[in-house]
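Below is one structure, written out as structure tokens; the observations come after it.
Note that the structure is predicted; figures quoted are calculated from it, not measured. Below, chain A is the first sequence line, B the second, and so on; all start at residue 1.
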Amino acid sequence: MGRIKKKRVGVSLDMTPLVDVAFLLLTFFMLTTKFKPLEEVEINLPSSHAKYKLPESDVMTITFSPDGKIFLGVDSQQLRAQLFGEQNKLKQSIPVTLEELPSLAQEARSVNPKLRTVIKGDKESMYGPAEDVMNALQKANIARFELVTELSRDE
Amino acid sequence: MGAVDLGGGRQHGKKGKRKKKRRVGVKLDMTPLVDVAFLLLTFFMLTTTFGLPQVMEINLPPSESKGEITEASLLLLRVTEQGSIYWNFGTDSPRPIAWEELKGFLTERSNANPTMITLIKMDRKSKYASMVRMIDELNLTNVTRFSIAPLLDQDKKIIEEVVATTP
């Protein structure tokens with residue numbers, strides 16, 4: 001009788017701010033995410049201390065894999081259809097031979113003069129294919145190009 | 001008194017007949033919604049990569065250009081199949097250098113001779129990564145005037161001789 005009944009405290013937490021922030025972040029990530037396009041070959045990039053970022057548009061990518069295959073790709077679908085035919089326009093890049101490379105590169109540059117040439121090579125690859133690609137570019141009168149690298153972590 | 005009675009009487013009287021409109025507190029269980037939101041949030045946070053890869057710019061001189069270079073200011077860097085570097089100026093005999101020492105060496109040399117021209121000769125069988133590293137070192141030391149050439153058989157022979165003569 002004399003004992004006071006302990007009141008049970010119902011913990012009610014206001015979740016509204018938490019949910020607000022969660023949704024804010026969710027919208028942010030959903031809107032900023034651009035899914036990485038599927039590549040024909042997986043390339044492990046070499047690392048460097050280069051300061052410049054890869055431009056998002058107007059790039060022509062020449063990829064060479066460790067087994068010596070060369071792939072050419074451009075970022076615009078329209079140009080891809082024009083260069084490689086309608087059936088290949090959804091592919092990110094198509095395999096090319098060293099002989100085709102200069103004329104294709106030149107053709108792409110004539111359609112879009114703003115196109116920048118980037119070379120993507122696997123770090124395990126040998127220098128030979130890189131030399132061939134650079135010679136092919138010189139044949140196509142492309143003396144300025146960029147090598148895609150990863151930012152090196154060590155300092 | 002009458003007024004109070006009236007008021008109270010009316011309230012009580014009506015309660016019996018007319019149902020008082022209850023304000024319904026809409027209580028929605030938000031838990032599944034929040035669950036899904038967090039699931040998506042984690043997914044997007046984990047899959048997003050912000051950084052684009054870096055690019056290293058290269059300007060190769062046109063193949064037909066023949067610049068006048070004095071032999072003494074031409075630094076020749078030969079990279080062999082095994083990835084070791086040999087350097088020499090002009091017609092001197094090549095000397096090996098380690099990758100780690102390259103940065104200091106290049107800084108020193110380019111300070112001593114700002115008009116220095118660098119020619120990198122790479123073996124076709126050497127690693128592509130070593131070419132990238134070489135250009136990276138050159139960029140880091142502000143040696144911007146360089147060219148790349150293939151390592152010829154005669155270069156290989158010269159290096160073999162150096163390897164044979166040095167213990």
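The environment of Lys156(B) atom NZ is dense: over 12 non-hydrogen atoms of other residues, nucleotides or ligands sit within 6.0 angstrom. The number of heavy-atom neighbours closer than 6.0 Å to CD of Gln78(A), taken from other residues, nucleotides and ligands shown, is 12 or below.
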Yes or no on side-chain contact (heavy atoms from CB on, under 4.5 Å) for Val19(A) and Phe38(B), after CA distance, side-chain angles and deciding distance?
CA-CA 9 Å; Val19(A) 176; Phe38(B) 270 102; 5.7 Å; no
Are Lys127(B) and Lys123(A) close enough, and set up right, to give a side-chain contact (heavy atoms from CB on, under 4.5 Å), and what steps lead you there?
CA-CA 7 Å; Lys127(B) 284 260 158 55; Lys123(A) 62 178 169 195; over 6 Å; no
CA sep, side-chain torsions, deciding dist, call: Tyr127(A), Ile148(B), side-chain contact (heavy atoms from CB on, under 4.5 Å):
CA-CA 11 Å; Tyr127(A) 171 67; Ile148(B) 307 169; 3.0 Å; yes
Met56(B) vs Val148(A), test: side-chain contact (heavy atoms from CB on, under 4.5 Å). Steps then yes/no.
CA-CA 6 Å; Met56(B) 188 189 268; Val148(A) 185; over 6 Å; no
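Heavy atoms closer than 4.5 Å to chain B are found nowhere in Asn135(A), neither backbone nor side chain. Contacts between Leu45(A) and chain B at a heavy-atom distance below 4.5 Å involve the side chain alone, from C-beta outward. Neither the backbone nor the side chain of Asn139(B) comes within contact range of chain A, judged by heavy atoms closer than 4.5 Å.
Under a 3.5 Å cut-off, the side chain of Asp136(B) and the backbone N or O of Ser48(A) do not form any donor-acceptor pair.
Put simply, the side chain of Arg124(B) reaches to within 4.5 Å of the side chain of Glu131(A), judged on heavy atoms. Residues Thr149(A) and Val55(B) have side chains not in contact (no heavy-atom distance under 4.5 Å, counting atoms from C-beta outward).
Taking all atoms of both residues into account, the shortest heavy-atom contact from Pro46(A) to Val132(B) is CG-CG2, 3.8 Å.
Taking Ile58(B), Thr42(B), Leu33(B), Asn59(B) one by one and counting their heavy-atom pairs under 4.5 Å with chain A, the maximum is reached by Ile58(B). Considering only heavy-atom pairs separated by less than 4.5 Å from chain B, the leading option among Leu137(A), Asp132(A), Val118(A) is Asp132(A).
The line from CG of Leu26(A) to CE of Met45(B) is 11.0 Å long, rounded to the nearest 0.5 Å. The structure places CE of Met126(A) at 14.5 Å from CE of Met131(B), a figure rounded to the nearest 0.5 Å.
Transitive grouping of hydrophobic side chains (ILVMFWY, heavy atoms separated by less than 4.5 Å) brings Phe105(B) and Ile120(B) into a common cluster. There is no path of hydrophobic side-chain contacts, each under 4.5 Å, that joins Leu77(B) to Leu140(B). A continuous path of hydrophobic side-chain contacts links Ile62(A) to Leu98(A) [ILVMFWY only; heavy atoms under 4.5 Å]. Ile94(A) and Ile70(A) end up in the same hydrophobic cluster when Ile, Leu, Val, Met, Phe, Trp and Tyr side chains are linked at under 4.5 Å. Residues Val111(A) and Val96(A) fall within the same hydrophobic cluster, defined by Ile, Leu, Val, Met, Phe, Trp and Tyr side chains chained together at heavy-atom separations under 4.5 Å.
The ring of Phe43(B) has its center no closer than 6.0 angstrom to the ring center of Phe29(A).
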